[in-house]
Chemist: 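Sharing a structure here in structure tokens format.
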Amino acid sequence: MSALAFAVRGLGFWTPGYPDLAAWRARPDTWPEGQAPPTEPAAPKAELLPPMMRRRTSLLTRMAAEVAAQALQDGGVDRAAATLVYGSVYGEIRTTLDLLAALLVPGEPLSPTKFHNSVHNTAAGYVSIATGNRAGNAALSAGLSTLAMGLVECAALVAAGEGDVVLVLAEEPLPEPLAAGRRWDPFAAAFALSAPVPGDMPMRTCRLEHGANDMLPAPRPVPAALAANPCAAALALVEALAAGAPARIALEPHLAVGWQCALGAGA
Amino acid sequence: MQPYPITAMALCNGMGDSTAAVLAALRAGRSGLGPCPAEFELDAVVGAIPTPLPSLPGFLGPVRDTRQARIAAVALAELQAPLDRARARWGSDRVAIVLGTSTGGIEASETAYAHAQAHGGALPAAYDVETSHALDAVLHVARVLGGGLGGPAYVVSTACSSSAKVFASAQRLLAAGLCDAVLVGGVDSLCRLTVRGFAGLEVLSSRPCRPFSRERAGINIGEGAALLLVERTGDGPARLLGVGESSDAYHMTSPHPEGLGARMAMERALQHAGLSAADVDHVNAHGTGTKQNDSMESAAIRAVFAGAPAPAVVATKGYTGHMLGAAGATEVAFVIDAIAGGYLPASVGADPLDDTLAVDVVTARRDVPTRAALSNSFAFGGSNCSVLVGGPA
């Protein structure tokens, strides 16, 4: 099944308090008494988007633009030519909630900007405009399997000879009352991928496989508020890729048997 | 690309609640547009499924019993036999699901949010954001009602191109050996958010839409499902020959004025299939009923077919309204019926044509064969997709 192999060329990461992968990896596992984890910066810079455009976008779109830019730069990938695949479970849910509230006011016209900013491919649209990228892009959703299915879609794109492919995962907090008590921290990660070539660093070469999750070692602990994010499965993958050691990562840790990523597997 | 057979399809939309009813209306040139059902409290022309939708089987739970899930269930029921056959032939883990939806369960969230506002923040008992609202909720319904489909399963949600792009994903999953059959398609339900959203954009018509007519006045929203089975090998009425995807990189809601992205999508579909424009007999246009779309899509078609015989252009949103995330797959299914039946459906509402567009729009049914046809879908965010379908080998 060599069609399922790909090399990771670049990574992107953002969550409040940890604006990039280096900051995230430098965190302590436990905080000394009296010290709390950082919460600033609370919003990504998202400098890939021009200021006038950025002003109109949600936290979700800014997170997606931020990590996409990081992974493109880290991987030395042409941002106008790569195929970007976006994954999110709830997408632009906070903009959607604003529209649900506006619907209750009889006769009030819906804001056209909020309306087009509520679609699942909002970030895909803004990033393509900001980068002049005319390749196809996609926006996916698969519940807790969004990371796994995003990588399946990307691996199939790589196998089809589409060149550089970037998976961008982003999830913002669910708003009340829809959340019904579910709470998590916002988080985004991106992976720039392409076909493996001879001479690739073996630890950046991945193979998608399907198998039992029970024997896999537990990943490094993360704060509970982040672990509750529906895209949290990406945390362990980012960490393992950054560490550069052979590993097998569960992409669907909520399942007994599911998709896994074997790192250091060679092409 | 290697062509893959499309072995089965099921439709329900404003024209009827079964494939037979929908296709009979298409062949007869009978529109499914009408006034918006009273429960939506909207003054609009829509393509609403004309019959009451049966509730979901009780074992799926009340939190899954949304209008979108019910529409999906109606189409899935028609695909029982082909899905049973595909599971027996390939194994359930080798049957993938890739579905398009634009709004998922937002219709349920509209009701739930209104309820919460009136009841101190409490949601209705039959609502849960994970199973009633989330875009992927429809996957569980398809997996279970499909008899237990265990392959990769995901939703593509790129607004109005969603269920055209699923054909690109399906083709790549098959080519990469990740599965042997894919249940593809799109499902979207009517909701207040899209009707009032498009009203806010000032593109909603208060009369039935008339794509490519000089009397056009905007779009209507529709609902429904189109589910199709694409397999590695097998017998069916049509074959998936190629898919072209592009981005306008121009504007969030306005298409590129010269149709650059639309043109790229059609050209990439032809290139993908190893065919030229001369091999294509008809184009099922995106044809929403706005002047902007008619003008840019006509320009794109003229450019792609420069030097080849002009293709017949068919616009079918006058039958269904714009089904958003279900539009792409529905129109691919219409192309398949045109190929199988040796006819081109009338573009209802197109007469009198806007002569400035200079494309051959089919205003009355023509009984002519189609070798291959392109089906176009364009969306917010500048997302474009063109699906190339041909007859059996």
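Chain naming here is simple, since letters A, B, ... match the order of the sequence lines and numbering starts at 1 in each.
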Chemist: When you look at B:Leu324 and B:Ile221, which way does the side chain to side chain contact (heavy atoms under 4.5 Å, CB included) test go after all the steps?
Modeler: CA-CA 8 Å; B:Leu324 310 177; B:Ile221 303 301; 4.2 Å; yes

Chemist: I'd like to know if A:Arg9 and A:Asp200 make a salt bridge, using a cut-off of under 4.0 Å between side-chain N and carboxylate O.
Modeler: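 Salt bridge present between A:Arg9 and A:Asp200.
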
Chemist: For residues 129-136 of chain B, give me every residue with a non-hydrogen atom less than 4.5 Å from any non-hydrogen atom of chain A.
Modeler: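 The list, in residue order, reads B:Val129, B:Glu130, B:His133, B:Ala134, B:Leu135, B:Asp136.
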
Chemist: Between B:Ala249, B:Gly200, B:Ala159, who has the most heavy-atom pairs with chain A when the cutoff is under 4.5 Å?
Modeler: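 Highest number of heavy-atom pairs under 4.5 Å: B:Ala249.
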
Chemist: So which part of A:Ala160 gets closer than 4.5 Å to some heavy atom of chain B, the side chain, the backbone, both or neither?
Modeler: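 A:Ala160 touches chain B through side-chain heavy atoms alone.
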
Chemist: Does the salt bridge (Lys or Arg N to Asp or Glu O under 4.0 Å) test come out yes or no for B:Glu41 and B:Arg192, once each step is laid out?
Modeler: CA-CA 8 Å; B:Glu41 295 168 330; B:Arg192 296 156 190 85; 5.2 Å; no

Chemist: Tell me, side chain or backbone of A:Ala123 under 4.5 Å from chain B's heavy atoms, or both, or neither?
Modeler: neither

Chemist: Please determine whether a side-chain nitrogen of the Lys or Arg among B:Lys165 and B:Glu245 lies less than 4.0 Å from a carboxylate oxygen of the Asp or Glu.
Modeler: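 Between B:Glu245 and B:Lys165 there is a salt bridge, with a charged N closer than 4.0 Å to a carboxylate O.
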
Chemist: State, yes or no, whether a side-chain contact exists between B:Met323 and B:Asp188 at a heavy-atom distance under 4.5 Å.
Modeler: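 When only atoms from C-beta onward are counted, B:Asp188 and B:Met323 do not touch, as no gap falls below 4.5 Å.
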
Chemist: Around atom CD of B:Glu39, are there more than 12 heavy atoms of other residues, nucleotides or ligands at under 6.0 Å?
Modeler: yes

Chemist: Are any non-hydrogen side-chain atoms of A:Asn117 and A:Lys114 less than 4.5 angstrom apart?
Modeler: no

Chemist: I want to check something: taking the side chain as every heavy atom from C-beta on, are A:Leu178 and A:Leu100 in contact at a cut-off of under 4.5 Å?
Modeler: yes

Chemist: Going by residue number, which parts of residues 179-194 of chain A are within reach of chain B, meaning a heavy-atom gap below 4.5 Å?
Modeler: A:Ala180, A:Arg182

Chemist: Scan the side chains in residues 378-387 of chain B for donor-acceptor partners under 3.5 Å anywhere in the protein, sequence neighbours excluded, and list what turns up.
Modeler:
residue	atom	partner	partner atom	Å
B:Ser383	OG	B:Ser161	OG	2.8
B:Asn384	ND2	B:Ser246	OG	3.1
B:Asn384	ND2	B:Asp248	OD1	2.9
B:Asn384	ND2	B:Gly382	O	3.3
B:Ser386	OG	B:Asn376	OD1	2.8

Chemist: With side chains defined as the heavy atoms from C-beta onward, is the minimum distance between A:Arg62 and A:Arg54 less than 4.5 Å?
Modeler: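 The answer is yes, as the side chains (C-beta and beyond) meet within the 4.5 Å cut-off.
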
Chemist: Given side chains that start at C-beta, do those of A:Leu60 and A:Arg94 come closer than 4.5 Å, heavy atoms only?
Modeler: no

Chemist: Report which part of B:Met264 has an atom under 4.5 Å of a heavy atom belonging to chain A: side chain, backbone, both, or neither.
Modeler: side chain

Chemist: Can you tell which part of A:Leu157 gets under 4.5 Å to a heavy atom of chain B, answering side chain, backbone, both or neither?
Modeler: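 Both backbone and side chain.
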
Chemist: Step by step, work out the salt bridge (Lys or Arg N to Asp or Glu O under 4.0 Å) result for A:Glu153 and B:Arg172.
Modeler: CA-CA 8 Å; A:Glu153 168 90 358; B:Arg172 289 189 294 255; 3.0 Å; yes

Chemist: Between B:Val155, B:Thr253, B:Leu173, B:Leu260, which shows the greatest number of heavy-atom pairs under 4.5 Å with chain A?
Modeler: B:Val155

Chemist: How about CD on A:Gln73, more than 12 heavy atoms from neighbouring residues, nucleotides or ligands closer than 6.0 Å, or not?
Modeler: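 Incorrect, the count does not exceed 12.
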
Chemist: So which of B:Ala168, B:Ser169, B:Ala116, B:Ser162 has the biggest tally of heavy-atom pairs under 4.5 Å with chain A?
Modeler: B:Ser169

Chemist: Considering only heavy atoms from C-beta outward, does the side chain of A:Ser145 approach that of B:Tyr154 to under 4.5 Å?
Modeler: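 They are not in contact (no side-chain heavy atoms under 4.5 Å apart), so the answer is no.
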
Chemist: Looking at chain B, which one of A:Gly150, A:Pro109, A:Gly143 has the largest number of heavy-atom pairs inside 4.5 Å, strictly under?
Modeler: A:Gly143

Chemist: Is chain B contacted by the side chain of A:Tyr126, its backbone, both, or neither, given a heavy-atom distance below 4.5 Å?
Modeler: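 For A:Tyr126, heavy atoms of backbone and side chain both lie under 4.5 Å from chain B.
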
Chemist: Between B:Thr194, B:Leu123, B:Thr103, B:Val98, which shows the greatest number of heavy-atom pairs under 4.5 Å with chain A?
Modeler: B:Leu123

Chemist: Side chain, backbone, both or neither: which part of A:Val152 has a non-hydrogen atom closer than 4.5 Å to chain B?
Modeler: both

Chemist: Heavy atom to heavy atom, less than 4.5 Å: which residues from residues 130-137 of chain A reach chain B?
Modeler: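 Expected list: A:Gly132, A:Asn133, A:Arg134, A:Ala135, A:Gly136, A:Asn137.
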
